[in-house]
**Student:** 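Mind having a look at this structure? Questions to follow.
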Amino acid sequence: LDRFDLEYIRQFDFVHSGNYCFMEKELPKIHEAGVPISFDFSDDSEDSYYAEVAPTVDYAFCSFDGNEEELKAHLQMMIDGGAELATASRGAEGCVLYDGETFYRQPAVPIEKVVDTMGAGDSYLAALIVSLLKKGWKKGVVLQADVIKAAMDDAAHYSSDNCLREGGFGFKNQIEE
């Protein structure tokens with residue numbers, strides 16, 4: 001990124017990236033520009049990768065299958081690495097957000113008939129960030145528990161709605177030319 005790119009990026013409230021975006025070397029520049037960064041570590045990042053990337057990230061997100069003790073240690077690792085907030089999605093078990101002091105739990109919203117779960121975690125992440133931003137989250141702002149809980153609830157409902165329609169697999173909807 002050059003100075004013109006960074007000038008453009010500074011116009012935005014947030015930048016999102018992930019472990020499949022290949023932007024790691026650019027994250028320090030965005031971080032130094034003062035633009036909050038969220039990062040999706042997915043479910044396959046190594047500890048060394050977290051150590052490399054987390055210092056430039058404000059909001060760390062991952063998918064996590066481990067037990068309760070492992071989950072807490074994993075979220076703590078992301079916070080210790082530099083993130084202000086860390087969230088682990090756990091599929092049907094919901095999500096856990098950690099702010100360095102409190103572990104907030106959001107159960108998954110029950111769905112009568114799941115159609116397609118592709119993108120459920122991504123839609124949760126997007127909805128959570130948007131909700132937090134609407135509720136006043138900015139870099140360095142400490143959020144109240146009720147704000148975090150409300151944002152997590154908003155995100156869980158948005159994510160569950162995503163599971164009610166086809167689209168993630170198979171490209172069922174044809175695009176007209």
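What you see below is based on every heavy atom in this structure, not just the backbone, and it leaves out hydrogens, waters and symmetry mates.
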**Student:** Might you work through the side-chain contact (heavy atoms from CB on, under 4.5 Å) test for Asp154 and Val130, ending with a clear yes or no?
**Tutor:** CA-CA 10 Å; Asp154 291 346; Val130 168; over 6 Å; no

**Student:** Between Ala155 and Ala127, what is the shortest heavy-atom contact and its length?
**Tutor:**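 Heavy atoms only, the tightest pair is CA-CB, 3.7 Å.
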
**Student:** Membership question, hydrophobic clusters at under 4.5 Å side-chain separation (ILVMFWY): are Ile111 and Val115 in the same one?
**Tutor:**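 Different clusters.
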
**Student:** What distance do Glu26 atom CD and Cys21 atom SG have between them, rounded to the nearest 0.5 Å?
**Tutor:**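 It comes to 12.5 Å.
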
**Student:** Please check if any side-chain donor atom of Asp44 sits under 3.5 Å from a side-chain acceptor atom of Asn19, or the reverse.
**Tutor:**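 Yes, a side-chain donor-acceptor pair sits under 3.5 Å.
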
**Student:** Would Leu128 end up clustered with Val141 when hydrophobic side chains under 4.5 Å apart are linked, directly or stepwise?
**Tutor:**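 Linked, Leu128 and Val141 end up in one cluster.
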
**Student:** Please determine whether the number of non-hydrogen atoms from other residues, nucleotides or ligands lying under 6.0 Å from atom CD of Glu68 exceeds 12.
**Tutor:**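 Enclosed: over 12 neighbouring heavy atoms sit under 6.0 Å from CD of Glu68.
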
**Student:** Nearest 0.5 angstrom please: Arg105 CZ to Glu93 CD, how far?
**Tutor:**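 One gets 9.5 Å once the value is rounded to the nearest 0.5 Å.
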
**Student:** Atom CG in Asp116, atom CG in Asn162: separation rounded to 0.5 Å?
**Tutor:**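 Result: 7.5 Å between the selected atoms.
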
**Student:** Return the minimal non-hydrogen interatomic distance between Ser123 and Tyr158, and the atom names on each side.
**Tutor:**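 Smallest heavy-atom distance, with atoms named: O-CD2, 3.5 Å.
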
**Student:** I need the Met152 CE to Ser131 OG distance, nearest 0.5 Å.
**Tutor:**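 Rounded to the nearest 0.5 Å, the CE-OG separation comes out at 11.0 Å.
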
**Student:** Supply the members, apart from Tyr98, of the Ile/Leu/Val/Met/Phe/Trp/Tyr cluster built from side-chain contacts under 4.5 Å; use none for a lone residue.
**Tutor:**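 Same cluster as Tyr98: Leu1, Leu6, Ile9, Val15, Leu27, Ile30, Val35, Ile37, Phe39, Phe41, Tyr49, Tyr50, Val53, Val57, Phe64, Leu71, Leu75, Met77, Met78, Ile79, Val96, Phe103.
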
**Student:** Assess whether atom CD of Gln11 is packed by more than 12 heavy atoms of other residues, nucleotides or ligands within 6.0 Å.
**Tutor:**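 Yes, the 6.0 Å shell around CD holds more than 12 heavy atoms from other groups.
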
**Student:** May I ask you to test the Leu85-Trp137 pair for a side-chain heavy-atom distance under 4.5 Å?
**Tutor:**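 They are in side-chain contact.
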
**Student:** Would you find more than 12 non-hydrogen atoms of other residues, nucleotides or ligands less than 6.0 Å from Lys29 atom NZ?
**Tutor:**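 Above 12, so yes.
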
**Student:** Could you grab the distance from atom CD1 of Ile129 to atom NE2 of His16, nearest 0.5 Å is fine?
**Tutor:**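 So the gap between those two atoms works out to 6.0 Å.
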
**Student:** What's the separation between atom CG in Asp40 and atom CG in Leu125, rounded to the nearest 0.5 Å?
**Tutor:**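 CG of Leu125 is found 6.0 Å from CG of Asp40.
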
**Student:** State, with a plain yes or no, whether a side-chain heavy atom of Asp153 is found less than 4.5 Å away from one of Gln106.
**Tutor:**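 A side-chain contact exists here, since the closest heavy-atom pair is under 4.5 Å.
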
**Student:** Pairs in or reaching into residues 55-67: which pass side-chain hydrogen bond (donor to acceptor under 3.5 Å, both in side chains), with residues at least two apart or in two chains?
**Tutor:**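 Those involving residues 55-67 are Tyr59-Thr87, Ser63-Ser89.
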
**Student:** Following the transitive rule for hydrophobic clusters with a side-chain heavy-atom cut-off under 4.5 Å over Ile, Leu, Val, Met, Phe, Trp and Tyr, establish whether Tyr124 and Leu133 coincide in one cluster.
**Tutor:**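 Result: yes, single cluster for both.
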
**Student:** For the pair Asp5 (side chain) and Asp2 (backbone), establish whether a donor and an acceptor sit closer than 3.5 Å, ignoring hydrogens and angles.
**Tutor:**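 Between the backbone of Asp2 and the side chain of Asp5 there is a qualifying donor-acceptor contact (under 3.5 Å).
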
**Student:** Do Ser38 and Phe14 have side chains that approach each other closer than 4.5 Å (heavy atoms only, starting at C-beta)?
**Tutor:**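 Side-chain contact under 4.5 Å: yes.
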
**Student:** Taking all heavy atoms of Ala120 and all of Ser159, pick out the closest pair and write down the distance.
**Tutor:**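 What the structure gives for the nearest pair is O-OG, 2.8 Å.
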
**Student:** Hydrophobic clusters here meaning ILVMFWY residues chained together by side-chain heavy-atom distances under 4.5 Å, can you tell me if Val147 and Tyr104 are in one?
**Tutor:**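 Linked, Val147 and Tyr104 end up in one cluster.
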
**Student:** Check Lys135 against Ala150 and note the closest heavy-atom contact, atom names and distance.
**Tutor:**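 Looking at all heavy atoms of both residues, the shortest contact is CE-CB, 3.8 Å.
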
**Student:** Given 3.5 Å as the limit, does a donor-acceptor pair link the side chain of Arg90 with the main chain of Pro107, or not?
**Tutor:**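 Checked: no pair found.
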
